[in-house]
Amino acid sequence: MPQEEQTSVTHAHRGRDGQEDVRYDAQRIETKWFERWQQDSSLYAAEPHSTRQKYYVLEMLPYPSGALHMGHVRNYAIGDALARYMWMNGYNVLHPMGWDSFGLPAENAAIQNNTPPREWTLGNIAAMKAQMKRLGFAYDWSREVTTCLPEYYKWNQWFFIKMFEKGLAYRKKSTVNWCPKCATVLANEQVVNGCCWRHEDTPVEQRELEQWFLRITKYADELLRDLDRLPGWPEKVRTMQRNWIGRSEGTLVDFKLDGATDPASSSIPVFTTRVDTIFGATSVQLAPQHPLVARLTRNNDLLRAEVERLLAEQRKAREVGDIGEIEKHGVNTGRYAINPYNGEKVPIWVANYILMDYGTGAIMSVPAHDERDYEFAKKYKLEIRLVILPQASDPEETAVEPKLPFTTMQGTLVNSGRFSGMDCEAAIRAMSEHAEKNGFGKATITYRLKDWGISRQRYWGTPIPMLYCEKDGIVAVPEKDLPVILPENVDIALTGGSPLGRVPEFVNATCPKCDGPARRETDTMDTFVDSSWYFYRYTDAQNDQAPFDREKAGYWFGDRGIDQYIGGVEHAILHLIYSRFWTKFMRDMGLIGNAEPAERLFTQGMIIKGGAKMSKSLGNVVSPDDMVEHYGADSTRMYTLFATSPDRELDWQDEGVEGIERFLGRVYRFVTRNAARSALAEAQHAAPFLPEARQIQRKLHQTIKRVSDDFQGRWHFNTSIAAIMELVNELYAVEARQEGHAAAGGLHAKVVPNSLWVEVQRTLALLLSPFAPFLAHELWEMLGEKGSLLRASWPKYDPALAKEEEIEIPVQINGKLRSRIVVPADAPEDVVRERALADEKIRAMVAGKQIVKPIVVPGKLVNIVVR
RNA sequence: GCGGUCGUGGCGGAACUGGCAGACGCACUAGCUUGAGGUGCUAGCGCCGCAAGGCGUGGAGGUUCGAGUCCUCUCGACCGCACCA
């Protein structure tokens, strides 16, 4: 038995001939390569044109907050490993990086530290770029994009004007969050429990402001449909986007306002997905903000006060985020609406749970067939009228009265005039047609997706390139006058309104149409605009004539987009939907040929520690700088890949990093001890190929296969790294035996031929280079190789060499493991069966029993079923 | 409420299409080595049991020669959406 033989081998205490091992000094190695890589700026540069196939790998660009956090490191470690792997496989790789550098934190820092936003931001960028370089990420810095610089945001303005010209950018009134103490607008994220984040006892107010919107809803349907054409995106993200777009098919029905004096506004459009239940409608419910409400309450102070209360309740609930749990309240206006299907008069109510921004802001209430309407009707004692009966399972049976509310579609209409007797689906079709024929409605599709409000009453953003002229109205800044430069030295104190409005030199301009005086737009753009198209700019980052050259973008994007995009799930909706919208718009402009920004998307998991997300308040933040200083960049990066698979949540453990450092030390010492051996000398020796050598060779090729397979498939780098560890463990074991032989003065002082020994070490450096580039390069150099590993070829595995000659397979009796046998790997079924039955343990156990059937799974196991 | 992901040793996690559960790492234990500074090497390590053996992948059933993996029910954790008419 070969297993037992192993134990008889002397386990040497690795004497190493009394020689001290060199310590693995990550700092020394990494500083050395860091400095070398600094010298050569072309090292990671993508070729503009190449005979090699292109590969565009992109990680989401960071906001320059001042320091990288571990989430960044994980994200970039994944992308960098992939980029390096593709490089070594002969691709022309584009792997760029940039800065999403407009946004609020810079303004807050400016107020707190009295540092101009620009200075603060650029300082942070420099610091973070240094961190990235220290971590050894292989970015093509010649293509760096910084969104807060005029060279970049000029093109935000250019795109905006193009959208304006196409009617895709427009202005309308809308509600914003307003903190009375700050006297300014707040982003939704800055509203905490309905109060200002800086004044936690001050409730946020809603204000109506004129805002710029981008008509993303024009693409709603395509954005939804094309999700099916993105098999390379996580199902989760596609589902989230589907829900966000929220397509809903239904019917628009006009109820007439009874006794309307003004014919122009005499109808109340209502949206419903269940027009089949409309004969059961016993009221119409309006959102408190519904335009009709103001008119209906004009002469009734009491009623108006009630409505105000409902409105306040709704706002409160929405701000806290639990509109779903709001206690339903309503008030009867005393007026009536006429159901166009049966001419019936139903009361009009105003209710706090009706949302103005979905559908038409008005609903028909059918208590018998809707949960919410039922609850509301019970509370206010409104009529509940049954108009759908469950379909009897047995046609002979008469339908029974259902439990209310009866909300499923498996039913038949009753008490519904000429539509009685139809099933729900047929009725919806027939009734929608009926409405359209008679001019009071039609089948419609509504979306939850809203047009994108991009106006921000903030300083640190892209100025919206618009002018307001008394004579010519809203006028776009001419292209030749772009960029509209964001002025410096602006007072950004939070005193209300847009800071740019306090800069007369900025505000006062000339109308390009009439040369008369004009006022500049003082709002800036949402920073999501910046990140909606930045990845195109990487293909042509220095272009000052256009956002990018069509051909250059065409080369990298092709017709499928970025080959691999990597980032956090937190961007699953906003950033990724805006990017998709922007791409479709650019395609319609003829700027690009792809309809989607990225063919494949990978969302990495969060990093937690001690069961919670890392946060300053919990004090469980692990700083990348500390880790790099302590264990080195290689260990830090590699740990983020080793702790778990990249798609899963990572539970940070400092001891885990130590484990990686220990492993890298083992590799380093192994090569230190063995690098000097000459392959050439050995080739002449032609040493016998002992079992140990074969074992190493097999393991080596199996490892190459496992690591390569992970890159090609599931990206489970944790198992790739585990495979390399296994290889190294085996190398140590064989090395010990080799020394044992030598010490014993054995004939085979060299158990493993030097040529193989050298191949093993070279391969080790190659396999490690995507995960631990610093050490890999050091090893490469120790092995006498020159140049970057990026230019080296990824090792190929040889299936013949990876193959096991003999395998051990388990033998079960009735599914329970009873013995093991060793057979040739390619032994035919009947041989395996014979061997299993001949096994002594098995013979003893099946003696006297009847063998029902022996099951042989070649190469896997034997299971003998006995009775 | 709807949609999704996930429950495996003391811990992080392996086990791709059903086929030896626990690879690899951490922690722990022992031996050797080193040593005034987070050292290295070797071995052991799911649970019960002296052992033979038995029991084990959140729980209960089922399919199968065989289930962590498939099916049904159920419990729990996390994420997203949410009076969406």
Side-chain angles (χ1 to χ4, degrees), chain A residues 7 10-16 20-21 23 234-237 239-240 242-244 246-248 250 270-274 285 314 317 321-328 351-355 357-366 370-373 375-376 446-448 569-570 572-573 605-606 608 611 630 639 642-645 647-663 665-666 669 709-710 713-714 716 718-726 729 732-733 736 808-817 820 852-855 857 859-866:
Chain A
T7 53
T10 338
H11 358 106
H13 353 260
R14 198 51 36 85
R16 227 93 65 228
E20 251 326 83
D21 260 334
R23 211 171 72 83
E235 188 53 49
K236 180 184 182 171
V237 171
T239 306
M240 282 166 78
R242 241 175 241 124
N243 294 339
W244 188 260
R247 181 189 145 103
S248 174
V270 154
F271 177 75
T272 176
T273 53
R274 291 296 305 274
Q285 309 267 339
Q314 180 179 106
D322 60 3
I323 183 79
E325 269 105 64
I326 193 172
E327 197 186 332
K328 291 185 181 57
N352 61 357
Y353 70 96
I354 308 298
L355 309 172
D357 51 15
Y358 185 78
T360 60
I363 64 152
M364 64 176 200
S365 179
V366 185
D370 183 279
E371 299 273 357
R372 301 151 297 180
D373 296 349
E375 189 192 325
F376 192 84
T446 60
Y447 295 92
R448 209 193 76 108
V569 230
E570 64 272 21
I573 298 179
M606 266 190 357
I608 60 162
H630 233 90
Y639 172 69
F642 178 68
T644 184
S645 49
D647 54 320
R648 305 231 305 183
E649 186 171 87
L650 189 160
D651 192 352
W652 188 274
Q653 293 179 336
D654 287 351
E655 303 79 31
V657 192
E658 244 168 271
I660 294 288
E661 191 202 25
R662 215 170 299 172
F663 163 69
R666 269 164 83 78
R669 286 189 299 275
D709 284 354
D710 271 324
R714 300 184 303 165
H716 281 195
N718 50 334
T719 60
S720 317
I721 294 167
I724 302 173
M725 287 173 168
E726 280 183 50
N729 289 347
Y732 265 65
E808 189 192 61
I809 63 175
V811 182
Q812 301 178 328
I813 294 176
N814 288 347
K816 290 210 181 285
L817 179 66
R820 301 164 201 273
V852 181
K853 58 174 167 176
I855 292 164
V857 186
K860 291 278 189 190
L861 59 38
V862 178
N863 187 16
I864 300 161
V865 186
V866 301

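In what follows, chains carry the letters A, B, and so on, assigned in the order in which the sequence lines appear, proteins first and then strands, with residues in each chain numbered from 1. Not measured: the values here are computed from a predicted model.
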Visitor: Donor-acceptor pair under 3.5 Å: do we get one between A:H630's side chain and the base of B:G38?
Guide: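 In this structure, the two groups form a donor-acceptor pair.
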Visitor: Does A:T719 make a side-chain N or O approach to OP1 or OP2 of B:A23 shorter than 4.0 Å?
Guide: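 No, A:T719 has no side-chain N/O under 4.0 Å of OP1/OP2 on B:A23.
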Visitor: Check whether any side-chain N or O of A:R372 sits under 4.0 Å from OP1 or OP2 of B:C84, and answer yes or no.
Guide: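 Yes, within the criterion.
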Visitor: Pick one for B:G7: is it syn, with its angle within 90° of 0, or anti?
Guide: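 Anti conformation for B:G7.
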Visitor: Is A:G659 touching bases, backbone alone, or none of the nucleic acid, heavy atoms closer than 4.0 Å?
Guide: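 Sugar-phosphate contact only - A:G659 comes under 4.0 Å of backbone atoms but never of a base.
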Visitor: Polar-atom pairs under 3.5 Å, protein N or O versus N or O of nucleotides 16-20 of chain B: list them with distances, or write none.
Guide:
from, atom 1, to, atom 2, distance (Å)
B:C20, O2, A:R820, NH1, 2.1
B:C20, N3, A:R820, NH1, 3.4

Visitor: Check the phosphate of B:U42 against A:R666, side-chain N and O only, distance under 4.0 Å to OP1 or OP2. Yes or no?
Guide: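 Checking A:R666 against B:U42: at least one side-chain N or O falls below 4.0 Å of OP1 or OP2.
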Visitor: Can a side chain N or O of A:R662 be found less than 4.0 Å away from OP1 or OP2 on B:U39?
Guide: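 Looking at the OP1 and OP2 atoms of B:U39, neither is under 4.0 Å from any side-chain N or O of A:R662.
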Visitor: Whether A:R448 contacts B:A82 is assessed here as follows: a side-chain N or O lying under 4.0 Å from the phosphate OP1 or OP2. Is that the case?
Guide: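 Indeed, a polar side-chain atom of A:R448 lies that close.
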Visitor: Test of understanding: with side-chain hydrogen bond (donor to acceptor under 3.5 Å, both in side chains), list the residues that count as partners of A:D710, not counting sequence neighbours.
Guide: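 Result, side-chain hydrogen bond (donor to acceptor under 3.5 Å, both in side chains) vs A:D710: A:T719, A:S720.
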Visitor: Dot-bracket for RNA chain B: what is it, with Watson-Crick or G-U pairs under 3.5 Å, [ ] where a pair crosses earlier ones, and | for a pair to another strand?
Guide: (((((((..(((......[....))).(((((.......))))).(((....)))..(((((..]....))))))))))))....
Visitor: Checking A:N243 against A:R448: is there a side-chain donor and acceptor pair closer than 3.5 Å?
Guide: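 There is no such pair (donor and acceptor under 3.5 Å, judged by atom type) between the side chains of A:R448 and A:N243.
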Visitor: For the side chain of A:L355, counting heavy atoms from C-beta on, which of B:A85, B:C41, B:G4 is nearest?
Guide: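 Closest of the options to the side chain of A:L355: B:A85.
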Visitor: Is there a side-chain polar atom (N or O) of A:N243 under 4.0 Å from OP1 or OP2 of B:C2?
Guide: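 No, A:N243 has no side-chain N/O under 4.0 Å of OP1/OP2 on B:C2.
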